[in-house]
There are 2 protein chains.
Amino acid sequence: MEAYTRDNMADVLRKHGINPTHQRIEIAFALFSRQEHLSADQIMAIVNLRHSETSKATVYNTLNLFLQRKLIREVIVDPSKVFYDPNTRPHHHFYDVVSGRLTDIEAGDLTLSGLPDLPDGVVTEGVDIIIRVRPQQTQPA
Amino acid sequence: MEAYTRDNMADVLRKHGINPTHQRIEIAFALFSRQEHLSADQIMAIVNLRHSETSKATVYNTLNLFLQRKLIREVIVDPSKVFYDPNTRPHHHFYDVVSGRLTDIEAGDLTLSGLPDLPDGVVTEGVDIIIRVRPQQTQPA
DNA sequence: TAAAAAAATTGGACGCTGTCTAATATTGAG
DNA sequence: CTCAATATTAGACAGCGTCCAATTTTTTTA
Ligand SMILES: [Mn+2]
Ligand SMILES: [Mn+2]
Ligand SMILES: [Zn+2]
Ligand SMILES: [Zn+2]
């Protein structure tokens, strides 16, 4: 319930065992202040808006570090790019196949029943539910 | 309940408004005879096993044509490649994140309840449910 | 069947996402 | 401040998928 500032982003990073460098703070701030699902290239564009200071390598290094430390998660829904999601609570997604926009569905009251037993010798790592939607077709009169 | 042959593949293609060329028949046969989830490069390898006769461009042209005519569907689960699925009945997937293998879950008795209303002005195009699994960790004694 | 038109295939160039590497720069512990 | 550890960087590289113009195959027409 607290506004995100670069200062408290640094604290969040430290809490996840991540050294808060300039670049890492900017990348985290881009994701958390917007609370949107962004691709790596969108993040790089945002972070370098004012003046270029973060390389492509660092953007990917950082996003992968954030994933590993479970500060963010990835959403795989577009065959050509990964989206990074600052929301790590259990939740699912609407995906607008035309605009490419992702919207959260809180997992709260959503239940999935009738699942078959897991194949032997495997454990669940996660459940991804994606509702693909498209804008209502406007009917020619 | 009928075995797939190259001959009846040609009929299937025609029924979907697709001109059954040699290459298209081979690609369809690779998918339907195996009933597996294959990536484009796996399909190309299968089709060119005996002697090379199908180019990368044709593999992609053909898969995209099949998708468009709804002869197959795609499964987006791995950020680095698309899987093509000869099963077009409504169904979902187990995805083994270690081996990369996909397994079908029949949609039959699976229900999803508690979904919020769709955002205004959009219609559902499909629901993808992916259960990510990994092999049971073998405990060191 | 022969000729012409239409449709499909092809190799290779290309674009984009993401990774890697070795050099450089920053950080922070002492 | 020193210096070792950590992080960043440019740019090369790799893989997936698309595009293009030239060629080949298929279908239509006569
Ligand atoms: Mn990734
Ligand atoms: Mn595709
Ligand atoms: Zn989300
Ligand atoms: Zn399937």
Side-chain angles (χ1 to χ4, degrees), chain A residues 6 9-11 13-14 16-30 37-48 51-69 71-85 97 100 102, chain B residues 6 9-10 13-14 16-31 37-48 51-69 71-85 97 100 102:
Chain A
R6 287 174 174 77
M9 281 318 319
D11 291 340
L13 295 186
R14 275 186 217 97
H16 283 77
I18 297 166
N19 214 321
T21 65
H22 294 313
Q23 288 88 340
R24 289 169 177 175
I25 288 170
E26 287 303 316
I27 290 169
F29 185 69
H37 305 84
L38 300 173
S39 62
D41 65 306
Q42 289 176 314
I43 290 167
M44 181 150 133
I46 290 167
V47 158
N48 286 330
H51 61 110
S52 189
E53 62 163 6
T54 306
S55 70
K56 184 172 61 147
T58 296
V59 170
Y60 281 104
N61 286 348
T62 299
L63 290 170
N64 287 329
L65 177 67
F66 287 3
L67 282 175
Q68 204 184 299
R69 299 293 162 85
L71 180 62
I72 63 177
R73 58 140 116 175
E74 57 183 348
V75 183
I76 295 164
V77 73
D78 178 314
S80 75
K81 58 169 69 98
V82 171
F83 286 98
Y84 297 89
D85 190 342
V97 297
L102 279 167
Chain B
R6 288 172 174 79
M9 282 319 319
L13 295 186
R14 275 186 217 97
H16 283 76
I18 297 167
N19 214 323
T21 63
H22 294 314
Q23 288 89 339
R24 288 169 178 175
I25 289 170
E26 286 304 316
I27 289 169
F29 185 70
L31 278 163
H37 306 84
L38 300 173
S39 62
D41 64 305
Q42 289 175 314
I43 291 167
M44 182 150 132
I46 290 168
V47 158
N48 287 329
H51 60 112
S52 189
E53 62 165 7
T54 305
S55 69
K56 184 173 61 149
T58 296
V59 171
Y60 281 104
N61 286 347
T62 299
L63 290 170
N64 287 329
L65 177 67
F66 287 2
L67 283 175
Q68 202 184 302
R69 299 292 162 84
L71 180 62
I72 63 176
R73 56 140 116 177
E74 56 184 348
V75 183
I76 295 164
V77 75
D78 178 314
S80 76
K81 59 169 69 95
V82 171
F83 287 98
Y84 297 90
D85 188 344
V97 298
L102 279 165

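Here is the naming used below: chain letters follow the sequence lines, and residue numbers restart at 1 for every chain. Model, not experiment: these values are computed from the prediction.
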> Any idea which heavy atoms bring A:P79 and B:I76 closest together, and the distance?
Replying inline: CD-CD1, 3.6 Å
> Hey, does the side chain of A:N64 come within less than 4.0 Å of C:dT19's phosphate (OP1/OP2), counting only N and O?
Replying inline: yes
> Rounded to whole angstroms, how far apart are CZ on A:F66 and C1' on D:dA7?
Replying inline: 13 Å
> Whole-Å distance between C:dT17 P and A:Y84 OH?
Replying inline: 11 Å
>> Rounded to whole Å, please give me the gap between CG in A:L67 and P in C:dT19.
In response: 10 Å
>> Distance check needed: D:dT8 P versus A:I25 CD1, whole Å only.
In response: 10 Å
> Tell me: CG of B:D78 to P of C:dG18, nearest whole Å?
Replying inline: 11 Å
> So which heavy atom on A:S39 is nearest to which on A:D41, and how close?
Replying inline: OG-OD1, 2.5 Å
> A:A30 and A:L38: which non-hydrogen atoms are nearest, and at how many Å?
Replying inline: O-CD1, 4.1 Å
>> What is the distance, to the nearest angstrom, from the OH atom on A:Y60 to the C1' atom on D:dG11?
In response: 15 Å
> For the residue pair A:R6 and A:E26, what are the closest heavy atoms and their distance?
Replying inline: NE-OE2, 2.6 Å
Identify each donor-acceptor pair in which a side-chain atom of residues 17-25 of chain A lies under 3.5 Å from a protein atom, sequence neighbours left out, and give them as a table.
from, atom 1, to, atom 2, distance (Å)
A:T21, OG1, A:R24, N, 3.3
A:R24, NH1, A:N19, O, 3.0

>> Here's a test of your reading of the structure: between B:D41 and B:P20, which maps to the more 5' nucleotide of DNA chain D?
In response: B:D41
>> Minimum heavy-atom separation for A:E53 and A:N48, please, with both atom names.
In response: N-OD1, 2.9 Å
> Taking CD from A:E26 and C1' from D:dT9, how many angstroms apart are they, rounded to a whole number?
Replying inline: 17 Å
>> What verdict does the side chain to side chain contact (heavy atoms under 4.5 Å, CB included) test give for B:V59 and B:V47, after you've listed the backbone C-alpha separation in whole Å, the side-chain angles of each residue and the deciding distance to 0.1 Å?
In response: CA-CA 9 Å; B:V59 171; B:V47 158; 5.8 Å; no
Protein-nucleotides 7-10 of chain C N/O pairs closer than 3.5 Å?
from, atom 1, to, atom 2, distance (Å)
C:dA8, OP1, B:R24, NH1, 3.1
C:dT9, OP1, B:T21, OG1, 2.5
C:dT9, OP1, B:Q23, OE1, 3.3
C:dT9, O3', B:Q23, NE2, 2.9
C:dT10, OP1, B:Q23, NE2, 3.4
C:dT10, OP1, B:E53, O, 2.5
C:dT10, OP2, B:S55, N, 2.9
C:dT10, OP2, B:S55, OG, 3.1
C:dT10, OP2, B:T58, OG1, 2.7

> With a non-hydrogen cut-off below 4.0 angstrom, is A:S39 in contact with a base, only sugar-phosphate, or nothing?
Replying inline: nothing
> CE of A:M44 versus C1' of C:dG18: gap in Å, rounded?
Replying inline: 12 Å
